[in-house]
Amino acid sequence: MPERSHADTSPGWLGFGVANTAVITTASVAAWYLLADPRLSPFDLYPLPFNAALFWALLFVVWAGFNLELWGFDRLRQPWRGIAFLGAATAFAVVVTYALASGIGHLYPDYAAARPDGLGYFTGALFVLFGFSTWVLVVLNWGHWPWTDLGLKQPWVGACEIVSLLVPTALLYLVLGVPAVSETVREGTALLGIDTLLGWYYSIIVAIVLTGQTWENWPWRLAGSRMRVALVSTVGNIVLGTVLFAALRAVCAVLVGPGTAAEPGFPLDQFPAQLGVCWVAWMILWANAFGNRPTGGGAVVNLLSRAAITFALAVTTFVLYYYVIAEIVLHEPAVAGGLHGNALGFMDLFALVTLLYVVGFESFGLRRPAATVPAPEDRAIAHP
């Protein structure tokens, strides 16, 4: 067995990850108290338009951080890079949320801020659900294909990805999303109800992040050429996401209790998204703050261990959130059967803060552990 560097066995990676988690959790709760908390916040933003702005901020982070690979921001030194990234994401989210509700909403009532329960804000922000799949897919699973193959560099790679995927993303949104929440589209024309749509489509996002990031594009990378990898990963993630939807729904039925799951009107079909957002948040944090460990075993052991670790953390977070944190710490209202809150709010905030801090600020203020030197058998995984 090849000899490994001291950094491979150093416990520093764990301390670094825990420190990141502490900073992110503290910042997330502080932001929640300031902007969204139903009891403590001076603003009346819960749950909407806060969630809408949150979703748009996430899309900006995907565009600027994933597709454009921080082009422009990378010219700044820390902490100015992180501050600029945070400021740009915030400005983008606020402007888009306001423009849709107060601008487009005057022309198309579905987007109007005056719709009951903030549904107008939600209608506009629903676009991000589909964008978080297409624009993340092209980075994590496609590896920026075909633009890097054509010799393009940033910012043209990111710009081409953003522009070329606007049409398919908009089609998904108009065909699947808008009919599920519209007051102007004829009733009965939606292909999926909103709860089923959220649960199923978010499960596809889980599949994209799981295979593309946690598993470093296994098994799709076995398809061969980059074009085949792109095609196989697209179809494969839809299939895997559909399987995950059924599996996560079954897990959620157990976690919320059979009595609650069977209550009339309980949106069990949506709960794969609620558990899924906990899983995605932990997969993002695990890859960026904990080094996507383990890395020292065989490929199968590494990948299955990462999936098991992040899923266990997701289930634990889901239970703590719905039964303890949402009510006692975040002061969110009851849902049913002792459940409080909506994980698509706070856990998306947690994921956003994670990306802003570990990507935008590069974990500023924390000392990074010694870089890990991968063993020869790990290098195929590290470089898809």
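Taken to the nearest 0.5 Å, the CG atom of Asn237 stands 6.0 Å off from the CG atom of Leu137. Between atom OG1 of residue Thr134 and atom OH of residue Tyr173 there is a gap of 14.0 Å, rounded to the nearest 0.5 Å.
A donor-acceptor pair is defined here as one N or O able to donate and one able to accept, closer than 3.5 Å; no such pair exists between the side chain of Trp145 and the backbone of Arg226. Using a distance-only test at 3.5 Å, with no hydrogens or angles considered, a donor-acceptor pair links the side chain of Gln213 to the main chain of Met283. Using modelled atom types, no side-chain atom of Glu161 and backbone atom of Leu165 make a donor-acceptor pair closer than 3.5 Å. Put simply, the side chain of Trp142 gets close to the backbone of Ala230: a donor and an acceptor are under 3.5 Å apart. Of the possible polar contacts, one joining the Gln78 side chain to the Gly82 backbone as a donor-acceptor pair under 3.5 Å is found. Checked by atom type and distance alone, the side chain of Ser102 never pairs as donor or acceptor with a backbone atom of Ala99 at under 3.5 Å. In terms of modelled atom types and a separation under 3.5 Å, the side chain of Ser363 and the main chain of Leu366 share no donor-acceptor contact.
With no hydrogens or angles considered, a side-chain donor-acceptor pair links Asp110 and Ser182 at under 3.5 Å. Remark: the Arg115 side chain and the Thr123 side chain contain an N/O donor-acceptor pair separated by less than 3.5 Å. Under 3.5 Å, the side chains of Asp348 and Asn51 contain no donor-acceptor pair of N or O atoms. For the residue pair Glu332/Tyr321, the side-chain donor-acceptor check at 3.5 Å is satisfied. Looking only at atom types and distance, the side chain of Trp279 has no donor-acceptor partner in the side chain of Thr317 under 3.5 Å away. Inspection of the Arg221 and Ser233 side chains reveals no N or O donor paired with an N or O acceptor under 3.5 Å. Residues Tyr201 and Ser133 have side chains that bring a donor and an acceptor to within less than 3.5 angstrom of each other.
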Side chain to side chain donor-acceptor pair (under 3.5 Å), that's the test. Do Ser203 and Arg249 meet it? Break it down for me. CA-CA 10 Å; Ser203 297; Arg249 187 182 185 277; over 6 Å; no
I would like to know whether Thr211 and Trp218 meet side chain to side chain donor-acceptor pair (under 3.5 Å); could you show each step before the answer? CA-CA 6 Å; Thr211 61; Trp218 287 91; over 6 Å; no
Start with the C-alpha gap between Asp269 and Thr196, add the side-chain angles, then the distance that decides, and say whether side chain to side chain donor-acceptor pair (under 3.5 Å) holds. CA-CA 5 Å; Asp269 282 352; Thr196 305; 3.0 Å; yes
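Ring planes of Phe73 and Phe60: perpendicular class, angle over 60° (limits at 30 and 60°). Classified by interplanar angle (parallel below 30°, tilted 30° to 60°, perpendicular above 60°), the ring pair Trp135/Phe127 is tilted. Aromatic ring pairs are classed by plane angle as parallel below 30°, tilted from 30° to 60° and perpendicular above 60°; the pair Tyr322 and Phe271 is tilted.
Here ring-ring contact (aromatic ring centres under 6.0 Å, His included) pairs that include residues 336-367, with residues two or more places apart or in two chains, are Trp32-Phe346.
Under the 4.5 Å side-chain contact rule for hydrophobic residues, Val239 and Phe130 do not share a cluster.
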